[in-house]
Amino acid sequence: RSEYMPKYDYLGRVRITPADVGAYTYKYVKNAVYYVDGSVEASGNGSETAPFKTVAEGVAAVTAGDLLIIKEGTYNEALVLNSLIGTADAPITIKAEGSVTMQGSTYFGSPYWYYTALQINSCAYVEISGISFVLDNAGFGEARDAYTLLAATSNHVTVSHCSFGYSGSGTQAYAVARFDADSTDC
């Protein structure tokens, strides 16, 4: 008989229950794989059979060594990565499965004050691949800077096999990308 009985919690983490105590402790699954599928009715736990509905939920779940797979479709949200930290041996990987378009914009406030479709801020050892990013700037007026990709204070970030574009009315994006001076090795 095993002293521990593994079960999954709502985030897909393995929960270990000591059989004779009944208290819960958490053991995180190393190199977990999470899924996002915008076509599902309701968000699940991020597993392949019960994927998250939004990319933001998937991003919130990943840690060093994890893989986030975004299923085919158009997602009306920006990809916002804030303080996502992998390691050299265990990067965080975000990749498309099939044709994935992230069409949206997010407002990146002080100290930058920009709109962006892909925001990478204070991240390290993150790999992003296969996603089409479209800045949808409808409604943010003439006085705002807009970038399809904005990377700030990040390092060891790889963006590969991605495309970048613009959609909407009003001001066009001033540039496809802006890299803050502190962002190295992007």
Between Phe133 and Cys162, does a side-chain contact (heavy atoms from CB on, under 4.5 Å) hold up when you go through it step by step?
CA-CA 7 Å; Phe133 294 96; Cys162 293; 4.0 Å; yes
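- The heavy-atom pair separating Tyr34 from Ala32 by the smallest distance is CE1-CB, 3.7 Å.
- Taking OG1 of Thr93 as the start and OH of Tyr125 as the end, the distance is 13.5 Å to the nearest 0.5 Å.
- Using modelled atom types, one finds no donor on one side chain facing an acceptor on the other under 3.5 Å when comparing Ser129 with Ser160.
- A side-chain donor from one of Thr153 and Ser122 sits under 3.5 Å from a side-chain acceptor of the other.
- More than 12 heavy atoms of other shown residues, nucleotides or ligands fall within 6.0 angstrom of atom NZ in Lys53.
- In the hydrophobic clustering of ILVMFWY residues, with side-chain heavy atoms under 4.5 Å counting as a link, Leu67 and Ile128 come out apart.
- Rounding to the nearest 0.5 angstrom, the gap separating the CD atom in Gln103 from the CG atom in Leu135 is 9.5 Å.
- With rounding to the nearest 0.5 Å, the separation of OG1 in Thr49 from CG in Asp37 is 11.5 Å.
- For the pair Tyr35 (side chain) and Ala50 (backbone), a donor-acceptor distance under 3.5 Å is absent.
- By the rule that hydrophobic residues join a cluster once side-chain heavy atoms approach within less than 4.5 Å of another member, Val134 and Ile94 end up as members of separate clusters.
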Given the rule in the side-chain contact (heavy atoms from CB on, under 4.5 Å) test, do His156 and Glu127 qualify, once you have shown the distances and angles that lead to the verdict?
CA-CA 8 Å; His156 302 287; Glu127 300 172 357; over 6 Å; no
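- Closest approach of Ala96 to Gly130, counting heavy atoms only: CB-O, 3.1 Å.
- Under the 4.5 Å side-chain contact rule for hydrophobic residues, Leu68 and Val159 share a cluster.
- A donor-acceptor distance shorter than 3.5 angstrom exists from the side chain of Glu77 to the backbone of Ala56, with no hydrogens or angles considered.
- Using a 4.5 Å heavy-atom cutoff, the side chains of Val126 and Thr158 are not in contact.
- Closest approach of Ile70 and Val100 over heavy atoms only: O-CG2, 3.3 Å.
- Residues Leu79 and Val62 share a hydrophobic cluster, clusters being chains of Ile/Leu/Val/Met/Phe/Trp/Tyr side chains in contact below 4.5 Å.
- No single ILVMFWY cluster, assembled from side-chain heavy atoms under 4.5 Å apart, contains both Leu84 and Val33.
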Before you tell me yes or no, could you show the steps for Thr63 and Ile92 under side-chain contact (heavy atoms from CB on, under 4.5 Å), namely the whole-Å CA-CA distance, both residues' side-chain angles and the distance that decides it to 0.1 Å?
CA-CA 7 Å; Thr63 60; Ile92 295 170; 5.6 Å; no
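- A distance of 9.5 Å separates CD in Gln119 from OG in Ser154, rounded to the nearest 0.5 Å.
- Atom CD of Glu57 is separated from atom OG of Ser43 by 3.0 Å, given to the nearest 0.5 angstrom.
- A donor-acceptor contact closer than 3.5 angstrom is absent between the side chains of Thr87 and Asp89.
- Between Ala64 and Gly86 the shortest heavy-atom distance is CB-CA, 3.9 Å.
- Remark: Ser39 OG to Tyr75 OH distance equals 7.0 Å, nearest 0.5 Å.
- With 3.5 Å as the limit, one finds no donor-acceptor pair spanning the side chains of Ser99 and Glu72.
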